[in-house]
Amino acid sequence: MWAVLHHGDLIIQASFEHGPLLAMPEYRSDFMRVLHERGFVHQCTDDATLDGLAGDGSITAYIGFDCTADSLHVGSLVQIMMLRWLQRSGHKPIVLMGGGTTKIGDPSGRDASRQLLSEAQIAANKAGIQKCFARFLTFGDGSGDAMMVDNAEWLDGLEYVAFLRDIGSHFSLNRMLKFDSVRLRLEREQPMTFLEFNYMILQAYDFMELSRRESCALQMGGSDQWGNIVNGVELARRIDSTSLFGLTTPLITLASGEKMGKTAQGAVWIDESKLSSYDYWQFWRNTDDRDVCRFLRLFTELPLDEIKRFESVAGEELNDAKKLLANLATGMCHGEDAARAAAETARETFEAGGAGGGLPEVSASKADLTAGIAAFQLAHDAGLCDSRGAARRLIRGGGMRLNDSVISEEDFAVSLSDCNSDGLIKLSAGKKRHILVRPK
């Protein structure tokens, strides 16, 4: 669904889930065609002009990532995939690390201020996040190679009064108060610090600075970044008389309405040290039927004509599509060997009835197992259940299994005698979550 909006001097083309159906425009550039066909585009400041620019030669574009955790999760994957398609289409991606803006904290989509992190925490998080891009982008010194920069390089050295005079004078307080990141917080009567209020100015300044340093013409991001991106476009036009562009993705939610990247068990991390390849594979394998084709378009590079044949399938064929999604998404993030190993572990676990040697493994005290550990306690300790109460309810409902046998007694104790020939205990919550316990 498409509509043309006007925002000051900007022409904005936006896609909507509801509304009159208009034909998708023809695109000259591979980059814009792919992004639109695969469902990445929600809003763009000037779709036609940006397409022409990308069709005439190489452009440079960036996405910013604040250092609020030591890994990204799959909620950021749509932005990472946009950078990947940008590079595959012959353009130059910039990954902007928010070493400077993390010291403030992005207020977008939040009811409370972010916890202020120390310099050491920010540095550690930055190092962790950098690893997430290694398999998705090609970095180097070539004209089309990706580059990674840190906005602390220019933000840390700003003279505050001079910055307010030269940059702050281009921002209307009336308009800043209308942006969702501010308005929604105030409507809910949640406090917003003056420090957070400055975030949008700094992000706009980042865009102008990258335009000056790297001839960066495009900033991309999630839909919650629209106001911040437009601020940067307008700032560069007012100060440098430069035409820049902004493009945002739709909010990616599951068919159930839940936010992408979050599960009952916690975040679905990209870094394998925080989430095993098997669990990552299982996240994609357990995709809701309604999301499969959409996720194949967004999170894999499978050609669209191959995806289209899955749109009308059901049953076992749909399960094959889910396995394909899991294999391709895991292979891209963790490597093809890890994807094959995860798929084989799943096959052994679900189809062959084996223990699944590649299942996630935790350790438990040998002394405690000698005495016996209540199954509900072990399930909680192993991370299969959020609480002991939830584990008890699962047992009462017949949903917990020990070595593939249903645990029927709520106070059943797991002991060393339950170890298999490999010295492991397999504990399962439902049909899809399994873990191996190793006595130590």
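- Side-chain atoms of Ser211 never come within 3.5 Å of backbone atoms of Phe207 as a donor-acceptor pair (strictly under, hydrogens ignored).
- The line from CZ of Arg347 to NZ of Lys323 is 10.0 Å long, rounded to the nearest 0.5 Å.
- Ala375 approaches Ile407 most closely through the heavy-atom pair CB-CD1, 3.8 Å.
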Could you walk me through whether Gln225 and Asn228 pass the side-chain hydrogen bond (donor to acceptor under 3.5 Å, both in side chains) test, one step at a time? CA-CA 5 Å; Gln225 297 299 311; Asn228 293 341; 3.2 Å; yes
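- Ile229 approaches Met220 most closely through the heavy-atom pair CD1-C, 4.1 Å.
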Walk me through whether Cys385 and Leu394 qualify under side chain to side chain contact (heavy atoms under 4.5 Å, CB included). CA-CA 9 Å; Cys385 297; Leu394 190 65; 4.0 Å; yes
Evaluate side-chain hydrogen bond (donor to acceptor under 3.5 Å, both in side chains) for Asp30 paired with Trp85, printing each intermediate quantity in order. CA-CA 9 Å; Asp30 289 341; Trp85 280 114; over 6 Å; no
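- The backbone N or O of Gly39 sits nowhere less than 3.5 Å from a side-chain atom of Arg294 that would complete a donor-acceptor pair.
- Under the 6.0 Å cut-off for aromatic ring centres, Phe133 and Phe65 qualify, their centroids lying closer than that.
- Atoms CG and NE2, from Asp271 and His334 in turn, are 7.0 Å apart once rounded to the nearest 0.5 Å.
- Note that OG of Ser71 is 6.0 Å distant from CD1 of Ile270, once rounded to the nearest 0.5 Å.
- In this structure, Asn125 CG and Thr102 OG1 are separated by 8.0 Å, a value rounded to the nearest 0.5 Å.
- With hydrogens and angles ignored, the 3.5 Å screen pairs a side-chain donor or acceptor of Gln87 with a backbone N or O of Gly144.
- At most 12 heavy atoms of other shown residues, nucleotides or ligands fall within 6.0 angstrom of atom CZ in Arg388.
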When you look at Ser277 and Glu272, which way does the side-chain hydrogen bond (donor to acceptor under 3.5 Å, both in side chains) test go after all the steps? CA-CA 6 Å; Ser277 295; Glu272 191 173 4; 2.5 Å; yes
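- For the pair Cys333/Arg135, no side-chain contact is recorded, criterion being any heavy-atom separation below 4.5 Å from C-beta on.
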Going through the checks in order, is the side chain to side chain contact (heavy atoms under 4.5 Å, CB included) test met by Asn231 and Gln203? CA-CA 8 Å; Asn231 274 334; Gln203 184 169 330; over 6 Å; no
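- With sequence neighbours excluded, the residues that form a side-chain contact (heavy atoms from CB on, under 4.5 Å) with Val292 are Thr287, Leu296, Leu318, Ala321, Lys322.
- At least one side-chain heavy atom of His434 sits less than 4.5 Å from a side-chain heavy atom of Tyr278.
- Nearest heavy atoms, Arg175 versus Val230: NH2-CG1, 3.6 Å.
- Between the side chain of Asp368 and the main chain of Ile373, no donor-acceptor pair closer than 3.5 Å is present.
- At least one donor-acceptor pair under 3.5 Å links the side chain of Gln121 to the backbone N or O of Ser118.
- Taking a cutoff of 4.0 Å between a charged side-chain nitrogen and a carboxylate oxygen, Glu344 and Arg340 do not qualify as a salt bridge.
- Taking 4.0 Å as the cut-off between side-chain N and carboxylate O, Glu153 and Arg213 count as a salt-bridged pair.
- Between the CZ atom of Arg401 and the CD1 atom of Ile395 there is a distance of 13.0 Å, given to the nearest 0.5 Å.
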Between Lys103 and Asp156, is a salt bridge (charged side-chain N to carboxylate O under 4.0 Å, His left out) present by the stated rule, with each step listed? CA-CA 10 Å; Lys103 297 172 185 176; Asp156 283 358; 2.9 Å; yes
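- Using a 4.5 Å cut-off on side-chain heavy atoms (C-beta onward), Leu210 and Trp154 make contact.
- Side-chain N or O atoms of Asn151 include one that pairs as donor or acceptor with a backbone N or O of Gly100 at under 3.5 Å.
- With ring centers used as reference points, Phe412 lies 6.0 Å or more from Phe376.
- Once rounded to the nearest 0.5 Å, the distance linking CG of Leu50 with CG of Leu218 reads 5.5 Å.
- In summary, Lys426 and Asp418 do not engage in a salt bridge, as defined by a charged side-chain N under 4.0 Å from a carboxylate O.
- Formation of a donor-acceptor pair under 3.5 Å by the Arg84 side chain with backbone atoms of Phe136 is found in this model.
- Considering only heavy atoms from C-beta on, Ile63 stays 4.5 Å or farther from Gln219 through its side chain.
- Proximity of Trp284 to Thr330: side-chain heavy atoms (C-beta onward) are separated by under 4.5 Å at one or more points.
- Heavy atoms of other residues, nucleotides or ligands lying less than 6.0 angstrom from CD of Glu159 number 12 at most.
- Summarising the geometry of Leu302 relative to Glu306, their closest heavy-atom pair is CD1-OE1, 3.4 Å, with the distance given to 0.1 Å.
- Looking at every heavy atom in both residues, Ser387 comes nearest to Ala390 through OG-N, 3.0 Å.
- Between Phe139 and Val95, the closest side-chain pair of non-hydrogen atoms falls below 4.5 Å.
- Counting heavy atoms from C-beta outward, Val34 and Tyr27 have side chains that stay 4.5 Å or more apart.
- Residues Asp381 and Gln377 are in side-chain contact: their nearest non-hydrogen atoms beyond the backbone lie under 4.5 Å apart.
- Counting heavy atoms of neighbouring residues, nucleotides and ligands inside a 6.0 Å radius, atom CD of Glu301 exceeds 12 of them.
- One finds no salt bridge joining Asp145 and Lys92 here, because no Lys/Arg side-chain nitrogen approaches an Asp/Glu carboxylate oxygen to under 4.0 Å.
- A donor-acceptor pair under 3.5 Å links the side-chain atoms of His91 to the main chain of Ile59, judged by distance alone.
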For Cys67 and Met97, run side chain to side chain contact (heavy atoms under 4.5 Å, CB included): C-alpha distance rounded to whole Å, both residues' side-chain angles, the deciding distance at 0.1 Å, then the answer. CA-CA 7 Å; Cys67 309; Met97 302 300 295; 4.0 Å; yes
Step-by-step side chain to side chain contact (heavy atoms under 4.5 Å, CB included) determination, Asp66 to Ile104: CA-CA 10 Å; Asp66 276 345; Ile104 293 176; over 6 Å; no
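- Remark: the Thr249 side chain and the Gln79 side chain contain an N/O donor-acceptor pair separated by less than 3.5 Å.
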